[in-house]
2 protein chains.
Amino acid sequence: MDHTDTRESLLDAAESLFSEHGIQAASLRQITQMAGANLAAVNYHFGSKEGLVRAVFVRRLGPVNEERLRLLEQCDLKAADALEQVLTAFLRPVLRMLNEAPGGLHGFGRLMGRAFSEPSEDVRKMVFEEFRENIERYLQAFRTLLPHLSEPELMWRFHFVAGAMSHTIGCGYTLERFAEGKCHAKDPKEALEQLVAFLSAGMRGSSRAQVN
Amino acid sequence: MDHTDTRESLLDAAESLFSEHGIQAASLRQITQMAGANLAAVNYHFGSKEGLVRAVFVRRLGPVNEERLRLLEQCDLKAADALEQVLTAFLRPVLRMLNEAPGGLHGFGRLMGRAFSEPSEDVRKMVFEEFRENIERYLQAFRTLLPHLSEPELMWRFHFVAGAMSHTIGCGYTLERFAEGKCHAKDPKEALEQLVAFLSAGMRGSSRAQVN
DNA sequence: GTCTATATAGCGATAGAC
DNA sequence: GTCTATCGCTATATAGAC
């Protein structure tokens, strides 16, 4: 079998099994069996299980984060709906990727939803680094659009944006379960519309709520 | 050692190690060693590792969810800040519990943040069931307060509320990392204020954002 | 109720033939 | 680049003495 074919088969199988069972629980034996490859192939191509994990994330997140930066540059920050434009630029690439990737929300989506809270320090660090440039550039855009927000408020609100996105991606099945057909968590257009409506209002909210 | 002491020690150790290493990766050997108990004690007291996992979640979530229902009943749904009151009733019990539990955000918080996206179907089902009554009662309150929202909009927005909460609880370290001291993710008062300000604005947002 | 000892099984990684 | 075979280790679970 060709070098590239085996590599890709291993990535496909790993993504699928990491998503379904978790990174820790998916064994190299299962992965290589599903990929139709030999057990030793993982260490040959990726050095270790850790290397395979990294490659699985980078393959999907690399293009998404590049597209995010491209779309952000195309936003008109002077427009009345600039906030909606920026949020859409942030959210659409990942929703599109999940819609196109095999397995979608039930594949890489579930894995992605767990990425930030993975027990493994190495995995979390890697995913965070993959997002660092996006975070800085988008924070700067929000700072420009919402100059009345204090710096901590800005950080918190971007954190909540990430939370809503992450939850939508990783826990869509929860919404489906209690919505009983009223919502379509797997429809990227519906998800994007609902996310942008909610998050733009949240970002624009007045600085302080009364909490007793 | 007394029956209750061993049981509680096992729950404490399990909570701590599940939080740090993940449910799958924390072994009964580590847990029983930390608890000062014998390896066989887990199977004696909880039947299996699965039974121990369930007991760890129920011990913390039971009281939180009861308090949520109690606080919801005390909300004045006719007040101008009714939405803020309801959101506070939903969020405060879990933030208080995390502040008081040993380890706080780095203990049960991290475990809690992963609960909805756990690979194990059994764990997810159990956690979801633990929340079912809360979800139904709070959805009803939001339905009353925001009658202009369509049913799917209501579901989506409650989903986003859960996402922001879950992310705040489980991924506080992410906020701390990129905020570089400007936010205090572990301060329950600050977290609650920021959450309520953002989420109440999001819930009140107009129905449809323009998405091109 | 708690202990030791062990049965049974799976894991990641690697050496070395082809 | 792919294979077989195996090393060294850890896991959950349980049987049976105390």
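Each chain gets a letter, A, B and so on, in the order the sequences are listed, and its residues count up from 1. These numbers were taken from a predicted model, which means no experiment stands behind them.
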[X] [atom1] - [N] [atom2] separation (whole Å):
{"X": "B/Lys49", "N": "D/dT10", "atom1": "NZ", "atom2": "P", "answer": "15 Å"}
{"X": "B/Gln33", "N": "D/dA11", "atom1": "CD", "atom2": "C1'", "answer": "15 Å"}
{"X": "A/Phe18", "N": "C/dG12", "atom1": "CZ", "atom2": "C1'", "answer": "12 Å"}
{"X": "B/Phe46", "N": "D/dA13", "atom1": "CZ", "atom2": "P", "answer": "14 Å"}
{"X": "A/Tyr44", "N": "C/dA15", "atom1": "OH", "atom2": "P", "answer": "15 Å"}
{"X": "B/Leu39", "N": "C/dA5", "atom1": "CG", "atom2": "C1'", "answer": "11 Å"}
{"X": "A/Leu17", "N": "C/dG12", "atom1": "CG", "atom2": "P", "answer": "12 Å"}
{"X": "A/Ile31", "N": "C/dG10", "atom1": "CD1", "atom2": "P", "answer": "16 Å"}

Quiz prompt | Geometric cation-pi criterion, A/Arg137 with A/Phe90: 6.0 Å, 45° | solution =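 Here A/Arg137 fails the 6.0 Å and 45° test against A/Phe90.
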Exercise. Using the six-membered ring of B/Phe178, assess whether NZ or CZ of A/Arg132 lies under 6.0 Å from its centre and within 45 degrees of the ring axis.
Key: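 No - A/Arg132 does not lie over the ring of B/Phe178 by the 6.0 Å and 45° rule.
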If you check every side-chain atom of [X], which of [options] has the closest atom?
{"X": "B/Ala40", "options": "C/dA15, D/dT14, C/dG12", "value": "D/dT14"}
{"X": "A/Ser27", "options": "C/dG12, D/dA13, D/dC3", "value": "C/dG12"}
{"X": "A/His45", "options": "C/dT14, D/dT2, D/dA15", "value": "D/dT2"}
{"X": "B/Asn43", "options": "C/dA13, D/dT14, D/dG1", "value": "D/dT14"}

Quiz item: Would the number of heavy atoms belonging to other residues, nucleotides or ligands and lying under 6.0 Å from CD of B/Gln33 be above 12?
Solution: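 Atom CD in B/Gln33 is not crowded, with 12 or fewer foreign heavy atoms closer than 6.0 Å.
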Exercise. Decide whether A/Tyr173 and B/Arg124 meet the rule of one side-chain donor and one side-chain acceptor closer than 3.5 Å.
Key: yes
Quiz item: Does B/Glu151 come within less than 4.0 Å of A/Lys182, counting only side-chain N to carboxylate O?
Solution: yes
Quiz prompt | 5'-most by nearest nucleotide on DNA chain C - A/Arg29 or B/Asn38 | solution =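 That would be B/Asn38.
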Quiz prompt | side-chain N/O B/Ser48 vs D/dA13 OP1/OP2, d < 4.0 Å | solution = no
Quiz item: Would you say a side-chain N or O of B/Thr6 is under 4.0 Å from OP1 or OP2 of C/dT2?
Solution: yes
